[in-house]
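Here the structure comes first, spelled out in structure tokens, and everything after it is commentary.
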Amino acid sequence: MEPLNNQILDCLKQRDPFAVATIMTHKGSTPRTSGSKMIVLKDRTIYGTIGGGLVEALVMDACMKLIDKHQSRIKEFSLDKELKDGLDMVCGGNLTILMEVFVPDPGLTGIFKALVSLEKEGKKGFLVSKIDGFSKSDFSTRKCLVLPDTTITGQPLIPKPLMDEIGDNLFTGTFPVLYNHGLEEYIIEPIHPSDTLYIFGAGHVGLHLARMAHLIDVQTIVVDDREEFANPERFPHSKAVCVVKKFDTAFDRLSIDESSYIVIITRGHLHDQSVLEQALKTRAAYIGMIGSRAKRNQIYTNLKKKGVSDKTLETIFSPIGLEIHAETPAEIAVSIMGEIIKIKAEK
């Protein structure tokens with residue numbers, strides 16, 4: 001999902017109340033899925049989207065009223081004919097939306113400073129909100145940030161059973177969920193490391209791919225052995241641009257995990273094979289390699305001689321990208337980004 005916590009922190013620093021609308025659950029055909037967020041300011045400025053159209057307008061109107069009352073609410077929206085017509089699309093689902101009002105104070109600002117730092121460091125955590133009132137009516141919330149080791153930033157709001165479940169990593173989703181402890185209710189929002197696209201090869205395709213990743217809020221790290229190609233001037237929006245002496249050591253300083261996507265588009269077959277061999281030892285969510293089937297098959301043959309199994313090779317996306325008959329570097333980048341978006345959505 002779009003990373004809005006930086007914007008939430010900026011809004012908290014402005015000291016004016018605002019609302020954050022988050023899709024908690026979705027059923028059937030809906031324009032956005034669970035976890036999608038939208039910040040709503042009192043002047044109706046928004047950041048992010050929960051799908052547009054009439055349903056988003058209704059949520060904005062509800063948020064305006066809640067901001068005035070300093071109250072939050074969880075409400076279900078059914079995309080009936082009226083709302084479907086407002087969206088100008090064929091939908092027939094239901095959305096459960098948390099509309100939470102944020103009233104800035106130093107404690108809340110400190111929690112989101114810690115949360116943003118957590119995301120930048122690529123670490124996991126849990127944003128826990130204790131509901132004051134009941135979720136079936138208007139309520140207010142108090143928050144704290146909890147790390148997997150149960151370190152807390154903010155007030156110690158959490159009962160031991162909930163803390164035990166957090167410590168056991170039982171909350172693994174990507175959207176907020178309601179948790180009941182007796183008569184007390186909590187909203188648990190898992191915080192996951194931001195997706196990172198590792199682009200091995202800073203040539204023409206790599207350049208366009210990094211630009212497209214920036215457009216959809218996916219951070220990139222670019223790796224190449226040519227400084228004239230791999231530099232911050234060519235990749236101003238990348239989180240890092242790494243120049244390596246040899247691709248054989250390209251992974252030595254990288255932290256690849258389940259939130260990582262690897263694209264191999266170096267300038268030569270030997271470099272591609274070297275990067276692929278290292279990539280297969282990681283837990284990356286996606287590994288794609290450019291090239292013809294003949295090139296791919298030769299590299300696979302070489303890797304099998306080194307002990308790589310057929311089952312492991314089957315996890316690679318090669319030839320890379322969706323089949324859209326792409327020819328130019330920009331078109332190839334579109335096909336690769338489309339494939340990555342598809343894989344991200346299916347996780």
> Going by atom types alone, do Thr25 and Thr96 pair a side-chain donor with an acceptor below 3.5 Å?
Replying inline: yes
> Is a side-chain N or O of Asp105 found less than 3.5 angstrom from the main chain of Gly107, in a donor-acceptor match?
Replying inline: yes
>> Please determine whether the number of non-hydrogen atoms from other residues, nucleotides or ligands lying under 6.0 Å from atom CD of Glu121 exceeds 12.
In response: yes
> If every non-hydrogen atom of Gly51 is compared with every non-hydrogen atom of Glu56, which pair is closest and at what distance?
Replying inline: N-OE1, 3.3 Å
>> Students often mix this up, so state it plainly: with edges at 30° and 60°, are the rings of His237 and His214 parallel, tilted or perpendicular?
In response: parallel
> Hey, are Gln219 and Thr196 close enough side-chain-wise for a donor-acceptor pair under 3.5 Å?
Replying inline: yes
> Can Arg283 and Asp257 be counted as an ion pair, charged N to O under 4.0 angstrom?
Replying inline: no
>> Under the criterion salt bridge (Lys or Arg N to Asp or Glu O under 4.0 Å), I'd like the reasoning laid out for Glu100 against Lys143: C-alpha separation, chi angles, the key distance, then a yes or no.
In response: CA-CA 12 Å; Glu100 187 173 13; Lys143 295 184 180 296; 2.6 Å; yes
> Looking at Val222 and Ser238, what are the two nearest heavy atoms and their distance?
Replying inline: CG2-OG, 3.6 Å
> Is His204 atom NE2 crowded by more than 12 heavy atoms from other residues, nucleotides or ligands, each under 6.0 Å away?
Replying inline: no
>> Using every non-hydrogen atom in the two residues, find where Ala21 and Val59 come nearest and quote the distance to one decimal.
In response: CB-CG1, 3.7 Å
> Using a distance-only test with no angle check, is there a side-chain donor-acceptor pair under 3.5 angstrom linking Ser135 and Glu185?
Replying inline: yes
>> Between the side chains of Asp138 and Lys69, is the shortest nitrogen-to-carboxylate-oxygen separation below 4.0 Å, so that they form an ion pair?
In response: yes
> Just wondering, do Ile199 and Ile221 contact through their side chains at under 4.5 Å, heavy atoms?
Replying inline: no
> So if you build clusters from Ile, Leu, Val, Met, Phe, Trp, Tyr with side-chain heavy-atom gaps below 4.5 Å, do Leu276 and Phe317 land together?
Replying inline: no
>> Evaluate Gln298 against Asn302 for side chain to side chain donor-acceptor pair (under 3.5 Å), listing each step before the verdict.
In response: CA-CA 6 Å; Gln298 182 58 59; Asn302 295 342; 3.0 Å; yes
> If you take all heavy atoms of Val101 and Ser72, which pair is closest and at what distance?
Replying inline: N-OG, 2.9 Å
>> Within this structure, what is the CD-CG distance for the pair Gln155 and Leu145, rounded to the nearest 0.5 Å?
In response: 13.5 Å
> Out of curiosity, Gln273 CD to Ile299 CD1, how far, rounded to the nearest 0.5 Å?
Replying inline: 5.5 Å
> Of all heavy-atom pairs between Phe139 and Asp132, which one has the smallest distance, and what is that distance?
Replying inline: CB-O, 3.4 Å
> If you measure from CD1 on Ile191 to CG on Asn5, what distance do you get to the nearest 0.5 Å?
Replying inline: 5.5 Å
> Just wondering, do Asp225 and Phe247 contact through their side chains at under 4.5 Å, heavy atoms?
Replying inline: yes
> In Å and rounded to the nearest 0.5 Å, what is the CG to CD1 distance from Leu313 to Ile287?
Replying inline: 10.0 Å
>> Check the orientation of Tyr179 and Phe171. Use parallel for under 30°, tilted for 30 to 60°, and perpendicular for over 60°.
In response: perpendicular
> For the atom pair CD1 (Ile67) and CG (Leu41), what is the distance rounded to the nearest 0.5 Å?
Replying inline: 7.5 Å
> What closest approach, in Å, do Val40 and Met60 show between heavy atoms, and which atom pair accounts for it?
Replying inline: CG2-CG, 4.4 Å
> Rounded to the nearest 0.5 Å, what separation is found between the CD1 atom of Ile265 and the CD1 atom of Ile320?
Replying inline: 7.0 Å
> Which residue, Thr153, Leu127, Val128, forms the side chain to side chain contact (heavy atoms under 4.5 Å, CB included) with Cys144?
Replying inline: Val128
